[in-house]
Amino acid sequence: LNPVILGKGGTVTAVEADGIGRLLTAPAAFPGRMQAACAAREDLIALAWVTRDEKGLRLQRLGGDAEALRIDAKLPVGSVDLRATEGGWWLAWMREAVADRDVPVPMAMFVPESGPMGTPFPLLGPADVEDLEDLRFVVGDGPPILAAVTLEETLVLIEIGKDSGRVVARVS
């Protein structure tokens with residue numbers, strides 16, 4: 001885990017084995033109604049959040065970006081999570097259904113420590129997408145894996161690849 005603490009005055013800091021890191025200033029809109037925060041190191045923290053007043057989500061690399069990036073700005077987002085990895089973070093979110101026949105789609109993108117952001121991509125194709133409700137990164141070594149829950153309470157584990165995902169297990 002790469003825990004981050006939100007403190008008074010809109011500051012965030014990474015938690016290290018030997019104490020807390022440098023205090024960084026979070027954007028005024030953070031933490032919003034849903035949020036995720038993850039440190040790559042004590043002076044570089046990624047924040048992702050969903051506000052109450054807009055669709056999509058916001059992403060900012062504190063210690064790297066001057067402004068927050070807005071992602072999926074025209075679509076509702078149901079959950080968001082971050083995981084630190086070599087050279088940056090994986091960002092995952094649930095793109096909510098917008099019509100009666102639609103289903104939520106798990107999305108992901110790579111966020112490098114510096115430089116241009118990766119491109120968002122759907123993790124699953126139409127045949128694999130179910131009524132997914134929530135998603136969270138699984139802690140562990142190896143490739144990033146997301147745990148998602150369906151409305152029928154089935155746990156779906158999704159491994160993230162370079163530009164797609166695949167279901168590696170279903171547990172009812």
Side-chain angles (χ1 to χ4, degrees), residues 1-4 27 29-40 45-62 65 68-113 115-172:
L1 293 174
N2 306 90
V4 173
F30 185 81
R33 69 178 175 86
M34 283 184 284
Q35 69 284 325
C38 189
I45 297 173
L47 303 176
W49 70 98
V50 178
T51 69
R52 297 188 192 289
D53 302 328
E54 62 187 19
K55 292 182 179 177
L57 63 120
R58 299 247 174 198
L59 172 71
Q60 188 166 357
R61 297 172 290 197
L62 298 182
D65 295 333
L69 173 69
R70 193 157 170 212
I71 301 167
D72 259 357
K74 296 182 179 182
L75 298 166
V77 172
S79 62
V80 61
D81 204 6
L82 283 162
R83 176 184 170 181
T85 188
E86 183 76 28
W89 302 267
W90 278 103
L91 169 66
W93 68 97
M94 191 67 72
R95 183 184 281 172
E96 290 295 295
V98 292
D100 289 342
R101 292 185 305 270
D102 287 349
V103 293
V105 176
M107 301 288 295
M109 72 183 267
F110 184 71
V111 179
E113 287 185 8
M117 299 288 180
T119 303
F121 58 89
L123 285 170
L124 301 175
D128 290 320
V129 173
E130 302 177 43
D131 287 332
L132 298 174
E133 213 175 20
D134 192 15
L135 63 117
R136 296 286 174 242
F137 278 104
V138 175
V139 178
D141 294 330
I145 294 182
L146 285 165
V149 179
T150 69
L151 292 174
E152 292 80 30
E153 297 185 1
T154 298
L155 177 67
V156 180
L157 298 178
I158 305 165
E159 182 179 88
I160 299 177
K162 181 180 174 186
D163 58 5
S164 65
R166 70 181 182 95
V167 174
V168 293
R170 293 181 198 276
V171 181
S172 296

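Positions are given from 1 along the sequence.
Contact record, P27 with L62: CD-CD2, 4.2 Å, taken as the closest heavy-atom pair. Looking at every heavy atom in both residues, G118 comes nearest to P112 through N-CD, 4.1 Å. Between V4 and A39 the shortest heavy-atom distance is CG2-N, 3.8 Å. Between A46 and L82, the shortest heavy-atom contact is O-CD1, 3.4 Å. Closest non-hydrogen pair, M117 versus V111, comes out as SD-CG1, 3.5 Å.
You'll find the side chain of W49 reaches within 4.5 Å of the side chain of Q60, heavy atoms only. When side chains are defined from C-beta on, F121 counts as touching I160, because their heavy atoms get closer than 4.5 Å. Between R61 and W89 there is a side-chain heavy-atom pair separated by less than 4.5 Å. In this structure, the side chains of L75 and K55 stay at 4.5 Å or more apart for every pair of heavy atoms.
With sequence neighbours left out, R166 forms a side-chain hydrogen bond (donor to acceptor under 3.5 Å, both in side chains) with E159. The side-chain hydrogen bond (donor to acceptor under 3.5 Å, both in side chains) check on E96 picks up nothing, with sequence neighbours excluded. In this structure, E133 has no side-chain hydrogen bond (donor to acceptor under 3.5 Å, both in side chains) partners at least two apart in sequence or on a different chain. With sequence neighbours excluded, the residues satisfying side-chain hydrogen bond (donor to acceptor under 3.5 Å, both in side chains) with D72 are W93, R95.
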Considering only distance and modelled atom types, tabulate donor-acceptor pairs under 3.5 Å from the side chains of residues 135-153, sequence neighbours left out.
from : atom 1 : to   : atom 2 : distance (Å)
R136 : NH1    : V80  : O      : 2.9
T150 : OG1    : E152 : N      : 3.3
T150 : OG1    : E153 : N      : 3.4
T150 : OG1    : T154 : N      : 3.0

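To the nearest 0.5 Å, atoms CG (L123) and CE (M107) are separated by 7.5 Å. Between D163 atom CG and T119 atom OG1 the span is 9.5 Å, to the nearest 0.5 Å. With values rounded to the nearest 0.5 angstrom, R33 atom CZ is found 10.5 Å from Q35 atom CD. In this structure, CD1 on I71 lies 4.5 Å from CE on M109, to the nearest 0.5 angstrom. The OG atom of S79 sits 10.0 Å away from atom CG of L57, with the distance rounded to the nearest 0.5 Å.
Sorted by first then second residue, the salt bridge (Lys or Arg N to Asp or Glu O under 4.0 Å) pairs that include residues 79-91, not counting sequence neighbours, number zero.
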